[in-house]
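The structure appears right after this line, and notes come after that.
Read the numbers this way: they start at 1 and go in the same order the structure lists the ligands and their atoms.
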Amino acid sequence: MEQLIRGWDGEYVVTRYDAAADAWIFIAIHSTRLGPGSGGTRMRVYRAPVEGLDDAQRLARGMTLKWAGVDFPRGGAKGVIALSKLVDDSQRESLLERYGLIVESLRGGFSTGPDLGVGPDLVGVIARQTQYVSGIRGAGDPGPWTALGVVASMEAAAAEALGRDDLSGLSIVVQGIGDVGLPLCGLLSERGARLVVADVDEMRVRRVAEELGAEAVDPGPAHETPCDIFAPCAVGGTLNSTTIPRLQCKVVAGSANNQLQRPADADALHERGILYAPDFINNSGGAVYIVGTEALGWSEEKVREKILGIGGVLGEIFREARANDEAPVLAAERLARRVLDRGPGT
Ligand code: PHE
């Protein structure tokens with residue numbers, strides 16, 4: 001852990017061992033160049049605490065790029081609660097309350113919201129102890145807004161790679177039907193896409209398959225399903241040297257953070273002729289919603305406009321990448337870098 005923290009290009013990591021739950025808590029602040037640290041809190045079982053730390057650091061860097069990509073006055077940060085084993089409901093609640101106290105102690109240097117394993121309901125538990133939260137169920141669940149941005153991204157990618165101006169009739173595999181994947185499926189079905197869904201939770205899969213007439217596939221090999229668009233909407237790292245050679249899609253565009261296991265995976269996708277829409281651009285809708293409505297005082301109309309604009313931003317990124325014959329993620333990172341170099345906008 002020492003090595004990982006010292007070798008990181010971020011600012012600092014708040015670390016706490018929670019004895020009662022045998023859980024490690026990491027709050028990673030990557031960059032406050034554009035504003036105070038802001039990012040969701042992820043909670044899951046990790047094989048070892050160091051993997052939770054690594055996830056927190058990588059996710060926080062992703063948030064820096066995400067805020068810069070939309071030019072928002074927030075810094076990249078993320079909270080990770082690394083469980084050693086599954087916890088029951090009451091253990092989870094008390095752990096999240098203790099976590100809320102830590103967030104509160106940072107006095108706004110970090111504000112948080114939902115992420116994998118901490119849905120909008122559980123954000124409400126954190127909020128018992130701290131004011132520095134947003135994205136509580138009913139009072140600003142960002143999931144549907146993230147999903148809207150992913151749809152805009154898919155449309156931009158379909159235009160670039162398939163010469164299509166809508167999604168109707170396209171086959172789309174959604175891997176992970178949680179707080180983002182579920183509303184995403186609804187939006188895609190409205191647009192006439194042919195849906196294929198996968199999740200580790202069989203009940204969920206069955207429900208979506210029935211309600212939306214989607215086809216269900218096993219979550220493990222979901223990425224091998226022949227389709228137009230593959231949408232990773234769960235854990236990160238699903239695009240790697242094992243899975244990329246087996247993909248049978250033309251486009252990858254999903255909501256998961258850190259979809260690429262390593263930077264070189266972007267080149268591998270590019271070489272295979274698969275268009276990869278950079279995750280930190282296409283999943284920024286939730287972040288835009290949270291900060292747009294709560295900090296910048298935007299109306300829902302304005303938020304919607306900005307989120308639909310993600311499609312235009314991606315279109316520019318794809319064009320630049322095409323001109324340079326490079327992976328789009330390189331063009332997207334240059335865009336973020338320009339904003340970071342310039343500093344907070346007006
Ligand atoms: N965790 C989500 C994301 O990575 C939503 C979120 C954004 C939550 C910003 C809190 C703050 O975009």
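Ser255 pairs in a side-chain contact (heavy atoms from CB on, under 4.5 Å) with only one of the listed residues (Asp279, Asp179, Val180), which is Val180. For the pairing with His30, the side-chain contact (heavy atoms from CB on, under 4.5 Å) check across Trp67, Trp8, Tyr12 returns one residue only, Trp8.
Of the heavy atoms in Ile290, only side-chain atoms (C-beta onward) come closer than 4.0 Å to ligand 1. Of all the heavy atoms of Val291, none lies under 4.0 Å from any atom of ligand 1, so neither backbone nor side chain is involved.
With 3.5 Å as the limit, one finds no donor-acceptor pair spanning the side chains of Gln248 and Thr225.
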**Q.** Worked check of side-chain hydrogen bond (donor to acceptor under 3.5 Å, both in side chains) between Ser84 and Asp22
**A.** CA-CA 6 Å; Ser84 54; Asp22 186 28; 2.9 Å; yes
Q) Can you check side-chain contact (heavy atoms from CB on, under 4.5 Å) on Leu247 and Phe230, steps first, answer last? A) CA-CA 8 Å; Leu247 291 175; Phe230 174 57; 4.0 Å; yes
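Shown in contact with Asp115 at under 4.0 Å from a heavy atom are these atoms of ligand 1, numbered in order with element: 1 (N), 2 (C), 4 (O). The ligand atoms of ligand 1 that sit less than 4.0 angstrom from a heavy atom of Pro114 are 1 (N), 2 (C), 5 (C), 8 (C). The atoms of ligand 1 that sit less than 4.0 Å from any heavy atom of Lys66 are 3 (C), 4 (O), 12 (O).
Contact annotation: Arg74 has no heavy atom less than 4.0 Å from any atom of ligand 1. Contact between Trp67 and ligand 1 is present, with at least one heavy atom of the residue lying under 4.0 Å from the ligand. Contact between Met63 and ligand 1 is present, with at least one heavy atom of the residue lying under 4.0 Å from the ligand. The closest approach between any non-hydrogen atom of Gly40 and ligand 1 is below 4.0 Å.
If you check each of Gly39, Gly149, Ser284, Gly143 against atom 11 (C) of ligand 1, the one with the closest non-hydrogen atom is Gly39.
Ring to ring, Tyr99 and Trp24 are not that close: their centroids are 6.0 angstrom or more apart.
Using a 4.0 Å cut-off between a side-chain N of Lys or Arg and a carboxylate O of Asp or Glu, Arg191 and Asp166 do not qualify as a salt bridge.
Residue-to-ligand polar distances place Lys78 within reach of ligand 1: an N/O pair is separated by less than 3.5 Å. Taking distance alone, with nitrogen or oxygen atoms compared against 3.5 Å, Thr112 stays at or beyond that limit from ligand 1.
Contact annotation: the side chain of Ile310 approaches that of Ser284 to within less than 4.5 Å [non-hydrogen atoms, C-beta and beyond].
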